[in-house]
Amino acid sequence: MSSSDMRLEVTWQLVLKKLAKWNSTVSLTYIRRYYQTVTAISLIGLLLIMSMLNLLRGKSHLVSVSADSIAESSVNFSSLSAKFDLPPPKPDAGLPINTDETSQSNKVIYNRIDKSGTRTFLYIIKKLALRNRFNHISSDIWAAKYTSNDQQKDMITEVNTSPSPLLYDRPVHYIHFPRYGANQPSWISLVRDPLERFVSLFYYKRYGDVRTRPKTFKNASISMVKHTFDDCVLKNRAECSTKNVMQIIPYFCGQGAGCRIPNRWALETAKRNIIDNFVVVGVLEELNTTLFVLQNVLPRFFKGAEDAYISLLLSGVVRGYSSFAGEVPSEAAMSKMKERLTLEYELYYFIKERLELMKQQFIVYPLQNTILVNSHSREESLTEEVNEDTPITSEDDGDRETAPDDTGSDTQGNEDGDGDKLSIVDEDDSKVDNLNTDSVNAAQDGGENEQTQTSDEE
């Protein structure tokens with residue numbers, strides 16, 4: 001026996017003798033179990049330490065990823081198209097439109113977009129509701145565009161329980177009725193050049209227009225009013241930053257959180273919804289074409305829309321829709337802001353091209369007895385209607401639509417009485433296609449032509 005073995009045996013004997021003094025019945029077996037338990041606990045502790053080290057290593061790897069890579073991956077939705085194998089939507093998808101179905105629609109929702117011809121369009125709708133005998137409901141809810149499930153259900157219930165035929169208008173991000181087991185109504189909307197709309201909304205919030213200043217705009221802060229459009233854009237203030245450029249797309253993309261963040265997925269979703277769920281999306285700068293298409297697609301509601309538009313022009317009401325402005329934006333600011341609105345412009349051009357294709361469909365194959373046809377003689381009625389027209393009140397013309405949620409602040413203009421220092425935006429530069437001169441002359445019996453001034457209307 002070696003000396004080391006002898007020392008170990010002596011050690012164990014000493015331990016056993018010590019335990020014997022304490023009246024212990026501990027045997028060598030129990031001691032071995034004790035050391036086995038300690039060994040197992042040590043191994044478990046070692047494994048936990050290694051796991052923590054691996055976790056910390058993973059976190060450090062994530063931190064090492066550059067901010068640019070994170071930003072790029074957060075807005076790169078091209079992989080979604082590959083995953084679901086969806087081709088990019090094209091303007092001609094779903095065309096030609098089936099007018100046999102649309103002409104039978106008894107529920108229409110006008111998804112109104114702030115500063116995109118809303119007041120002009122509502123004026124036309126009010127006229128047509130009387131002529132064509134349909135029910136028109138204009139929702140008082142204008143700020144809640146992004147809604148909860150319960151709010152969506154409330155809107156669906158209001159639409160479904162209202163008498164038909166119904167045209168219901170409200171500014172809201174698209175709601176898919178079939179998701180809640182309801183029949184899909186016919187959705188329509190009207191868009192405007194994104195940059196022109198942005199500038200108009202910017203000054204409308206600060207100064208209002210001829211019809212709303214100064215009674216409606218009393219609470220604008222001095223700091224808000226003193227900032228010009230150039231300051232807002234070139235100094236990248238929050239109201240004009242890239243975080244606030246998704247203003248039109250959400251109306252067509254829907255209620256998802258991704259619809260309010262600038263990304264291509266939201267744009268493509270908006271295009272698909274326009275193809276699948278909107279029967280007509282018009283363009284303010286091509287309002288005549290829009291009304292022409294609507295008369296063919298939804299004749300029950302928009303029969304005689306051109307005459308209603310002419311009566312609006314002759315009444316002079318539209319003159320009060322131009323927004324006040326502080327100073328003319330510079331080319332640098334306009335160019336910079338247009339660059340930030342790239343996704344909005346892509347949707348805008350998509351809508352314009354689709355509208356033109358629909359126009360060509362009805363020029364070749366017009367829907368009989370619905371194009372520019374009125375239920376009464378135009379010569380006998382237009383003059384009477386112009387004389388009977390009364391100015392639209394602030395409750396009716398959409399003045400309440402200051403779109404506070406577009407910039408995250410509910411701000412209004414001032415009443416400093418500086419109207420003499422302000423000018424009217426686009427007073428002489430109409431962005432809306434003019435009506436046929438002969439039609440206007442016929443309505444006026446040779447009177448002076450009225451100029452279309454709806455470029456800055458609500």
Side-chain angles (χ1 to χ4, degrees), residues 91 95-97 99 102 108 110 112-113 115-128 131-132 167 188-193 196-197 278-299 301-319 321-322 348-367 369-374 378 381-382 385-386 389 426 428-444 447-458:
L95 297 181
I97 192 169
T99 55
T102 60
V108 174
Y110 165 39
R112 62 181 195 257
I113 301 175
K115 302 304 295 177
S116 299
T118 304
R119 286 183 286 188
T120 293
F121 206 62
L122 286 178
Y123 181 100
I124 294 172
I125 289 173
K126 292 177 188 297
K127 283 283 185 182
L128 296 178
R131 292 184 186 180
N132 299 333
L167 194 152
I188 63 173
S189 192
L190 187 67
V191 299
R192 180 183 182 183
D193 180 279
E196 295 290 338
R197 176 192 174 276
F278 282 77
V279 292
V280 177
V281 179
V283 177
L284 178 62
E285 289 78 9
E286 299 180 9
L287 190 53
N288 274 351
T289 298
T290 300
L291 296 178
F292 172 78
V293 171
L294 282 169
Q295 287 180 127
N296 283 273
V297 177
L298 297 168
F301 295 90
F302 288 95
K303 181 179 179 180
E306 185 196 41
D307 288 350
Y309 185 30
I310 292 175
S311 69
L312 169 64
L313 296 178
L314 300 183
S315 70
V317 175
V318 75
R319 293 177 179 175
Y321 294 166
S322 295
Y348 175 73
Y349 293 135
F350 175 89
I351 292 171
K352 284 189 69 175
E353 185 176 350
R354 184 173 176 82
L355 182 67
E356 179 63 26
L357 291 172
M358 297 177 75
K359 172 186 174 183
Q360 295 303 320
Q361 172 187 342
F362 297 120
I363 289 177
V364 178
Y365 300 109
L367 185 61
N369 297 328
T370 61
I371 301 179
L372 307 183
V373 175
N374 208 342
R378 295 178 63 189
S381 63
L382 279 177
E385 289 186 13
V386 171
D389 279 338
D426 294 337
D428 299 317
D429 185 16
S430 174
K431 303 300 181 183
V432 182
D433 57 339
N434 292 326
L435 284 172
N436 184 290
T437 305
D438 294 337
S439 299
V440 178
N441 287 338
Q444 293 180 290
E448 182 179 352
N449 293 340
E450 290 288 337
Q451 183 182 14
T452 306
Q453 302 180 25
T454 54
S455 61
D456 273 319
E457 56 193 324
E458 180 76 349

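No side-chain donor-acceptor contact under 3.5 Å links R112 to the backbone of S189. Remark: side-chain polar atoms of Q295 are paired, donor with acceptor, to backbone N or O of A305 under 3.5 angstrom. Q361 places a side-chain N or O within donor-acceptor distance of the main-chain N or O of I97, the cut-off being under 3.5 Å. The backbone N or O of L298 sits nowhere less than 3.5 Å from a side-chain atom of T102 that would complete a donor-acceptor pair. A donor-acceptor pair under 3.5 Å is formed between the side chain of N132 and the backbone N or O of F301. A donor-acceptor contact shorter than 3.5 Å is absent between the side chain of E286 and the backbone of K352.
With rounding to the nearest 0.5 Å, the separation of CG in L291 from OH in Y309 is 7.5 Å. Summarising the geometry, atom OG1 belonging to T290 is positioned 10.0 Å from atom CD1 belonging to I188; distances are rounded to the nearest 0.5 Å. Interatomic distance, CG of L95 versus CZ of R354, reported as 4.0 Å (0.5 Å rounding). Taken to the nearest 0.5 Å, the CE atom of M358 stands 9.0 Å off from the CG atom of N296. With rounding to the nearest 0.5 Å, the separation of OG1 in T118 from OH in Y110 is 4.0 Å. Going from atom CG of L284 over to atom CD of E196 covers 10.0 Å, rounded to the nearest 0.5 Å.
Looking at every heavy atom in both residues, S315 comes nearest to Y123 through OG-OH, 4.2 Å. Across all their heavy atoms, S311 and K127 have their closest contact at OG-CE, 4.1 Å. Between L355 and V281, the shortest heavy-atom contact is CD1-O, 4.1 Å. In plain terms, the two heavy atoms of A308 and L128 that are nearest each other are CB-CD2, 4.2 Å.
No side-chain heavy atom of N288 sits under 4.5 Å from any side-chain heavy atom of E306. Looking at heavy atoms from C-beta onward, V283 lies in side-chain contact with I351 at the 4.5 angstrom threshold. At a threshold of 4.5 Å between non-hydrogen side-chain atoms, the residues F302 and V297 do not count as touching.
For K359, the salt bridge (Lys or Arg N to Asp or Glu O under 4.0 Å) criterion is met by no residue, not counting sequence neighbours. With sequence neighbours left out, Y348 forms a ring-ring contact (aromatic ring centres under 6.0 Å, His included) with no residue at all. Residues forming a side chain to side chain donor-acceptor pair (under 3.5 Å) with E353 (at least two apart in sequence, or on another chain): none.
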Would you please test L294 and F121 for side chain to side chain contact (heavy atoms under 4.5 Å, CB included) and show each step?
CA-CA 12 Å; L294 282 169; F121 206 62; 3.5 Å; yes

